Amino acid sequence: MTRCIKHAALFCALLLLALLVNITRVQVVQAQRYDDNTANRRLVIARYGRPRGAILVGHRPVTGSRDTGEQLRYERTYKNGPLYAPVTGFASQVYGTTFLEHAEDGILSGTDPLLSPFPLWNDVTRAQNPGGEVVTTVDPAAQLAAYEGLGLRKGAVAAVEPSTGRVLALVSAPSYDPAALSGNGLAVERSWRRLNADPDKPMLNRAVRQTYPPGSTFKVVTAAAALDAGVVTDLDEPTRSPDPYRLPGTSTALTNEGDGCADVSLREAFTWSCNTVFAKLGVDVGVADLAATADGFGFNDAGLRIPFSVARSTFDTHVDKAQLALSAIGQYNTRATPLQMAMVAAAVANGGQVPAPYLVERTTTAHGRTVASPGVRNRLRAMSPSTAVRMRELMRDVVERGTGTNAAIPGATVGGKTGTAQHGIGNSGTPYAWFISWAQGERDVEPTVAVAVVVEDASADRTDISGGGTAAPIARAVMEAVLGGRERR
Amino acid sequence: MTKPGTTVAAEYEESPKPWLSEPADPSAPAPRVPRRRGIELALIVVAVLLSVFGYCDVGLAKNGTVPPGAAGYGAGLGVLALLAHLAVRRRAPCADPLLLPIGVLLNGLGLVLIYRLDLETPGHRAAPAQLVWSTVGVALFIVVVVLLRDHRVLQRYAYVCVAAALVLLTLPIFFPAVNGARIWIRIAGFSFQPGEFAKVLLAVFFAAYLAANRGALAYTGRRIWRFSRLQLPTGRVLGPIVAIWLLSVGVLVLERDLGTSLLFFGLFVVLLYVATGRTGWIAVGLLLAALGAFAVGTLEPHVHSRVEDWLHPFATIEAGQGPNQLSQSLFAFAAGGILGTGLGLGHSILIGFAAKSDFILATAGEELGLAGLSAIVILYALLVERGYRAGLSLRDPFGRLLAVGLASIVALQVFVIAGGVSGLIPLTGMAMPFLAQGGSSVVTNWIIVALLIRISDSARRQHNEVDDGQRTP
């Protein structure tokens with residue numbers, strides 16, 4: 001009997017041993033797989049279990065956290081939510097995250113392994129780091145100027161620092177308060193439905209996710225291509241272009257808003273925005289060179305991230321000559337985001353180099369230790385430095401005596417280009433008013449701000465819409481804010 | 001003490017302790033067995049302190065303060081444990097000193113876990129009731145230790161026990177099913193599971209019957225084949241016990257209490273094997289178990305779904321219906337990892353309504369981690385091992401079989417439920433001894449520990465008596 005009791009004991013021991021082996025399998029070997037299962041709510045509970053790190057604008061947090069005591073505990077709050085919504089995006093328990101809240105989620109929620117001082121040790125203890133902070137490049141004064149400048153009109157503003165690519169302002173109007181999407185109550189669901197049903201699309205980030213026909217502002221690209229390709233060598237030489245200009249291979253005649261565009265110099269054509277001259281120039285330069293220059297400015301690049309992705313601006317290369325002529329004046333399939341057009345202005349201001357735009361100055365731990373700082377990265381050269389010098393001259397003329405006088409700032413050097421983009425079937429839509437510009441303060445050695453403004457105001461009188469009248473004052477306000485900020489500093 | 005396997009196995013590879021050798025060599029002068037009540041007391045203090053620390057830890061983690069009831073809880077558990085200790089000291093002075101502290105620690109830990117889960121379900125508190133049932137359990141423990149002077153008395157009541165067990169098992173049929181199983185009796189707001197008590201009664205009956213008939217079972221009857229070693233006992237001897245076993249398992253299947261029927265089956269096979277010493281019984285047992293499991297698993301829809309859940313724990317997730325209890329349990333275990341999240345910091349409440357009862361081990365796994373869970377399994381292993389040890393050192397077959405039976409009940413129960421919630425075997429509803437919420441279970445397990453105390457006391461006292469006898473012939 002003793003032998004049998006011992007066998008039975010061994011049997012019990014084996015049962016319990018099997019238990020231990022299986023528990024080890026579940027808790028150690030399979031643990032990661034179970035943790036990562038999408039149906040496992042622990043990840044999302046842990047995510048909202050601590051206050052989210054702050055997003056900083058001008059050294060001040062524009063976000064906060066509210067403790068609800070519920071299962072998904074901390075809800076995001078926003079200061080000046082509508083003003084910064086295109087930068088921060090929202091962080092919702094129900095609807096996820098967008099823009100910086102999304103792109104820097106690892107840092108903000110504390111899950112980024114870079115946040116832990118001893119990564120391996122934290123893996124063992126499963127300690128959770130408090131959320132880190134994201135310091136943005138946004139200039140609060142410029143952001144506010146752009147937001148107030150747009151006012152109740154639909155549109156967007158993007159401003160960058162030409163030498164570095166730091167994004168100084170990113171505004172989209174109409175906007176919304178991301179705080180309305182924080183949490184997981186019924187009110188959040190109602191806000192979500194209301195915002196999505198709104199015909200004005202307040203959640204659309206027009207500055208980076210909407211492309212518009214750039215209209216005449218694209219003439220900056222065409223002019224740079226013409227100068228770089230040697231099609232035009234002297235700014236003041238007549239361009240031998242007819243008015244009206246018959247689009248090659250068609251019977252369609254292209255005209256201008258004003259008179260006196262026939263056979264004018266590039267300088268005059270640029271200053272007064274002659275469509276006929278630039279349409280012909282585009283055809284003269286040819287699709288290859290024009291496309292190469294456009295690509296150099298950043299068109300057709302689907303991979304741009306600042307760190308959230310920016311919609312692709314397009315310059316179509318599969319075109320006949322008539323389409324190329326239209327493309328060269330920013331129509332046909334040419335489309336650009338406001339940020340892309342700010343990059344165009346910045347390239348001119350920056351001696352032909354296009355700075356890679358970025359929105360995050362650096363990310364830090366909750367205790368202020370820097371985790372990462374993207375720094376300045378230069379993209380490809382858009383044009384030669386000598387072309388850039390001449391382009392600056394052209395853009396300055398626009399503001400000093402051309403269509404963009406509304407952007408002039410006393411005591412500062414300002415270059416700009418207006419644009420009025422036709423769109424809709426048979427150009428039936430209300431045209432978009434564009435203005436792109438850069439400005440250099442009296443005591444600055446180089447331009448310190450480049451801006452793109454687009455206003456898609458449906459309520460304004462159609463004849464009143466022009467880049468110079470509607471968009472230029474907004475650009476001026478933004479540039480003044482940046483220059484003024486530098487003066488004060 | 002790293003693995004339970006080595007714990008038990010190592011015991012009998014060591015040079016045999018004097019009270020372990022069977023039958024005691026009358027010529028060998030053995031020293032008087034130390035009573036070790038002081039060690040028991042010290043271990044009880046440690047067990048109570050561990051529980052109180054756990055209680056404080058939960059409060060600190062959840063609210064940042066020591067819970068207001070910490071002192072009361074500690075005092076209550078301490079007084080209960082002390083009373084039990086005094087009873088053992090008075091009435092079973094030679095008993096194994098590990099049994100009671102293990103019971104106290106597991107019960108205390110269970111109360112902590114239930115209290116911790118109560119914080120997530122403010123409308124439904126289970127810890128106070130569990131504390132009351134624990135008190136009843138300890139009270140019954142004391143009653144058993146004080147009133148039952150010799151375990152052999154139970155042998156006389158074998159048929160009373162089996163009658164009572166069958167009545168208890170049958171009763172729930174007349175009460176409504178709860179969560180698919182008809183295993184509850186509800187009287188005046190109180191509910192209990194008679195199956196829990198029935199297993200102790202059945203263990204007593206099996207032990208008594210097999211002890212009385214083991215000779216006939218082992219050595220009479222016909223061989224199945226001419227050369228086979230398996231001898232079929234005569235129907236007259238085997239008949240009654242098989243009938244009783246079939247009856248109880250049948251009733252349980254009717255009540256859909258799968259865990260307990262599995263337990264009864266295992267208990268029956270183990271005791272039959274130990275009593276007759278015939279390996280063939282194990283083969284027959286395993287064969288029957290496999291056949292039965294296959295038949296029930298394919299034919300019974302309730303069981304079939306459990307088997308499906310076991311094979312595909314994430315099927316409901318893939319079907320878009322969200323995680324089921326088992327996958328939530330697996331998530332909880334995985335979330336604990338090696339060191340656990342810490343008491344009060346896990347989310348095992350996601351498991352749902354059974355988190356405090358059947359799935360209590362998932363909370364332990366998540367908040368105490370693999371480290372804490374291993375400690376708990378080792379505590380059970382020690383309890384089982386101590387039961388077997390008492391059985392080995394006894395000389396009367398009934399006592400030996402009873403000790404083996406009671407220890408096996410604990411082992412099988414732990415295996416079935418822990419294996420179920422951790423995905424080792426299909427899930428069958430059963431209570432984790434001492435840990436899980438459930439009055440009948442706590443009370444029954446205290447009675448099991450009381451009986452083991454009594455048996456281990458007898459086992460070691462026998463040797464002392466023999467020794468005394470030798471010294472004063």
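In this text the structure is predicted, and so the values were computed from the model without any measurement. Numbered from 1 within each chain, the chains take letters A, B, ... in sequence-line order. Both backbone and side-chain heavy atoms feed into the values below; hydrogens, waters and symmetry mates do not.
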Checklist outcome for this item: Smallest heavy-atom separation, B:V274 atom then A:M1 atom, equals O-CG, 3.6 Å

Checklist entry - Using the ring of each side chain (for Trp, its six-membered ring), is A:H7 parallel, tilted or perpendicular to B:Y273, with breaks at 30° and 60°? => result parallel

Checklist entry - Under 6.0 Å from the OH atom of A:Y95, do we count more than 12 heavy atoms belonging to anything else shown? => result yes

Next on the checklist: Less than 4.5 Å to any heavy atom of chain A: does that hold for the side chain of B:L424, its backbone, both, or neither?
Outcome noted: both

Next on the checklist: Measuring from atom CD1 of A:I5 to atom OH of B:Y388, what distance do you get when rounded to the nearest 0.5 angstrom?
Outcome noted: 8.5 Å

Checklist outcome for this item: When the 4.5 angstrom heavy-atom criterion is applied to B:V404 and chain A, the contacting part is side chain

Checklist entry - Within a reach of under 6.0 Å around NZ of A:K201, are more than 12 heavy atoms found that belong to other residues, nucleotides or ligands? => result no

Checklist entry - Which heavy atom of A:A8 sits nearest a heavy atom of B:V270, and at what distance? => result CB-CG1, 4.0 Å

Checklist entry - Any idea which heavy atoms bring B:F415 and A:L15 closest together, and the distance? => result CD1-O, 3.4 Å

Checklist entry - Which of residues 40-62 of chain A get closer than 4.5 angstrom to chain B, counting heavy atoms alone? => result A:N40, A:R41, A:R42, A:I45

Checklist entry - What pairs with A:T88 under side chain to side chain donor-acceptor pair (under 3.5 Å), at least two apart in sequence or on another chain? => result none

Next on the checklist: To the nearest 0.5 Å, what is the distance between CD1 on A:I23 and CG on B:L370?
Outcome noted: 7.5 Å

Checklist entry - Are any of the side-chain heavy atoms of A:R33 and B:L330 separated by less than 4.5 Å? => result no

Checklist entry - SG of A:C4 to CG of B:L271: how many Å apart, nearest 0.5 Å? => result 11.5 Å

Checklist outcome for this item: Scored by heavy-atom pairs under 4.5 Å with chain A, the best of B:G346, B:A275, B:G369 is B:G369

Next on the checklist: Between A:Q27 (side chain only) and B:I338 (backbone N and O only), is there a donor and an acceptor less than 3.5 Å apart?
Outcome noted: no

Checklist entry - Can you tell me how far OG of B:S374 sits from CG of A:L16, rounded to the nearest 0.5 angstrom? => result 12.0 Å

Checklist outcome for this item: Heaviest contributor of heavy-atom pairs below 4.5 Å to chain A, chosen from B:G387, B:A411, B:S422, is B:S422

Checklist outcome for this item: Most contact-rich option vs chain B, by heavy-atom pairs under 4.5 angstrom, among A:V28, A:T38, A:V26, is A:V26

Checklist entry - Rounded to the nearest 0.5 Å, how far apart are CG of A:L19 and CD1 of B:I376? => result 12.0 Å

Next on the checklist: Measuring from atom CG of A:L20 to atom CG of B:L373, what distance do you get when rounded to the nearest 0.5 angstrom?
Outcome noted: 7.5 Å

Checklist entry - Side chain, backbone, both or neither: which part of B:A332 has a non-hydrogen atom closer than 4.5 Å to chain A? => result both

Item to check | B:E120 portion near chain A, given a 4.5 angstrom heavy-atom threshold | outcome: neither

